[in-house]
Each structure stands twice: as structure tokens, then as C-alpha cells.
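See below for the structure under consideration.
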Amino acid sequence: HRLGVGHRLGQGAGQSFARGQMDEGIHEAHVTADLRGRHQSSENEPVRMAGGAGAILQPGTPWTAAGPQAAELGNPAEHPGRSVEKLQNTGLNTVVIDPKRLADVDKSIHQIAGALGISQRGNKLVEQMRAAMSPVKPVRRTKVLVEWWPKPVISPARDSWVTNLIGLAGGENVTAEREGKSVEVSDVVARALAPEVIVMSWCGVKLEKYRADVVTRRPNWREIPGVKHQRIHPITEAFLGRPGPRLVEGYKSLKQILK
């Protein structure tokens, strides 16, 4: 199998952070593809691409010419049509996905598994993911604000799988009614939404670099419940911002925070 997979747009702040968005689901260099995205012969090390994750894959590069089992268009948001067309012209079977909600992530996994000729494994993976994310039914749903970026504050909106994950974990995404994948949240809007929990999931930033004081020092946020009661939590963007199996870890992290 030779399959190129592109995730059309990232959901985070600035679409340039679209790298690795489907890493567990598609980055596999063997015909015996593992949909969890690991080399079966490399002690579970993640598959790495020539040029680095997130690079635009150009026809004629060593990686393309080598005939990969799976490749990524890391940031096709810049010129998606041209990138896809170039790869298709090489004879590489190219799949472009654009999942929004959690159901779309399921469909993307099915689509990729079908293209790889391992539909049953795709079905099993989706079943396992769904079984691991059983819905929590609280007496009252906690209001949650997830931050893709801190300045300006960018948060997942209605057309985001994060809205679904928060709901499954027993919370309510305060920006769920806003149209689109993500939305900028002003100080005025943040005060009106009054989130009780704030989750830092900053795109492209290492978890150890997340700092709650970036949130607490905003002058106009001091009376927001999540700030006032110091309910500011980090969840790596790898668990929330990438539409693949690790969304289960994002769900678990949200569930633990909202317990």
C-alpha cells in the first residue's frame, strides 16, 4: 500500500500547528499498518517522517520517492489543493480528511483503514475508543473553557470534537454555541461566559511550558470563577488537538478534572 493522508485544517490557534493531527491513526510505514501509529519493530517509537512532522510533502523528495505506507500533508491549510494535486500526480493514493466533530474522527479512521485495506481493524479501533469514552451524567454540568492559545485566547467552538469530549466527560463547553471550529474569546466574552474550569491545551507548546499564571495575571479575568477558585489545569494538546486514538486520553484527563 502507498497512502498519503492529509488533515485539511488544524483546530488550534493558527492553522500552522496542524502537524501530527492524525498521528496515531495514519503515520505507519509498514504494510502491516498499526492504526495506533507505531512501528511494530521499533519498540513502540512513534513513526517519524523525513523533513519533520508538519512539513509539506513535496513530490520527488526521498520520503515520497521511497513509497511510504502513509504520509502526512502537515499543513495543507496554506495551499491544500496544490499539495494534494502534486501528490496525486505521483501515483500516491491520497486521502484528505477534515474531521470536525467526534463522529467525523470515527469516519476518518474508517476511511483511512479502508484505504489501507484493514477495515476490520479500523472498526475495532473505533469501537475501543467509544467504549473507553462512556458518557458521564452529572447532576450539573461544569462550565469549561479550553484554550488552544493564550494571547489572544482561542478556544474550540461548536464544530470541534473537543466540545463532544467535554460533554462526554460531564462538562459543558462554554463556547459550544459559537460557530466554527475555533473562536477568539475576548475579556468581555470570557467574563460573560464565566467558565468554572479553564484548561490550557496550547498548540505547539510543550506541557512543561504551560503556566497557570499566564491566565491568572489577565487583569480582567480575576473574577472569572475558574481563575478566582484556581481551577486552571493543563492537558497536552496531543490529547485534545489531534483527531485520533489519543483523544481517549484527553477524555480521561477532562473526566478526572471534572470529577
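Here the straight-line distance linking atom CG of Asp104 with atom CD of Gln111 works out to 11.0 Å at 0.5 Å rounding. Rounding to the nearest 0.5 Å gives a distance of 10.5 Å between OG of Ser253 and CG of Leu165. To the nearest 0.5 Å, the span separating CZ on Arg231 from CD1 on Ile198 amounts to 10.5 Å. Annotation: the span from Met200 atom CE to Thr236 atom OG1 amounts to 11.5 Å, rounded to 0.5 Å. Here the straight-line distance linking atom CD of Glu237 with atom CZ of Arg246 works out to 9.0 Å at 0.5 Å rounding. Ile224 contributes atom CD1, which lies 8.0 Å from atom CG of Leu145 (distance to the nearest 0.5 angstrom).
The salt bridge (charged side-chain N to carboxylate O under 4.0 Å, His left out) contacts involving residues 130-143 comprise Asp106-Arg130, Arg140-Glu196, where partners must be two or more places apart or lie in separate chains. Under the salt bridge (charged side-chain N to carboxylate O under 4.0 Å, His left out) criterion, the residue pairs touching residues 211-220 are Glu147-Arg218, Arg211-Asp213, Asp213-Arg217, with sequence neighbours excluded. Residues in residues 178-214 take part in these ring pair (Phe, Tyr, Trp, His ring centres under 6.0 Å) pairs, two or more places apart or across chains: Trp202-Tyr210.
Every salt bridge (charged side-chain N to carboxylate O under 4.0 Å, His left out) that Lys228 has, sequence neighbours left out, goes to Glu223. The salt bridge (charged side-chain N to carboxylate O under 4.0 Å, His left out) search around Lys124 returns none, not counting sequence neighbours. Not counting sequence neighbours, the partners of Asn220 by the side-chain hydrogen bond (donor to acceptor under 3.5 Å, both in side chains) test are Asp187. In this view, Gln256 and Lys259 satisfy the side chain to side chain contact (heavy atoms under 4.5 Å, CB included) rule, not counting sequence neighbours. With sequence neighbours excluded, the residues satisfying side chain to side chain contact (heavy atoms under 4.5 Å, CB included) with Arg158 are Arg101, Glu179. Take Lys252 and apply the side chain to side chain contact (heavy atoms under 4.5 Å, CB included) test, not counting sequence neighbours, and it matches Val248, Glu249. Scored by the side-chain hydrogen bond (donor to acceptor under 3.5 Å, both in side chains) test, Thr175 finds Asn173 as partners (sequence neighbours excluded). With sequence neighbours left out, the salt bridge (charged side-chain N to carboxylate O under 4.0 Å, His left out) criterion links Glu184 to no other residue. Shown here are the side chain to side chain contact (heavy atoms under 4.5 Å, CB included) partners of Val188, two or more places apart in sequence or in another chain: Ser186, Arg191.
Formation of a donor-acceptor pair under 3.5 Å by the Thr163 side chain with backbone atoms of Ala157 is found in this model. For the pair Tyr251 (side chain) and Ser134 (backbone), a donor-acceptor distance under 3.5 Å is present.
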Checking side-chain contact (heavy atoms from CB on, under 4.5 Å) for the pair Val185/Ile154: CA distance, chi angles, key distance, verdict? CA-CA 6 Å; Val185 179; Ile154 306 291; over 6 Å; no
When you look at Val146 and Ile166, which way does the side-chain contact (heavy atoms from CB on, under 4.5 Å) test go after all the steps? CA-CA 9 Å; Val146 172; Ile166 293 172; 3.8 Å; yes
Go through it in stages, so that I can follow the logic: the residues are Trp148 and Ser155, the test is side-chain contact (heavy atoms from CB on, under 4.5 Å), and I'd like the CA-CA distance, side-chain angles, deciding distance and then a yes or no. CA-CA 5 Å; Trp148 286 142; Ser155 297; 5.8 Å; no
Apply side-chain contact (heavy atoms from CB on, under 4.5 Å) to Leu247 and Arg242, showing your working. CA-CA 7 Å; Leu247 289 181; Arg242 307 182 186 185; 5.8 Å; no
Go through the steps for Asp159 and Arg178 under the test salt bridge (Lys or Arg N to Asp or Glu O under 4.0 Å), then give the verdict. CA-CA 9 Å; Asp159 296 326; Arg178 304 288 294 274; over 6 Å; no
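Nearest approach of Pro195 to Val144, heavy atoms of both residues: CB-C, 4.4 Å. Annotation for Ile109 and Gly122: closest pair CG2-O, 4.0 Å, computed over non-hydrogen atoms. The two atoms that bring Val153 and Pro150 nearest to each other are CG2-O, 3.4 Å, heavy atoms only. Residues Leu125 and Pro245 approach most closely at CD2-CG, 3.8 Å, considering heavy atoms. Nearest approach of Trp149 to Cys203, heavy atoms of both residues: CZ3-O, 3.2 Å.
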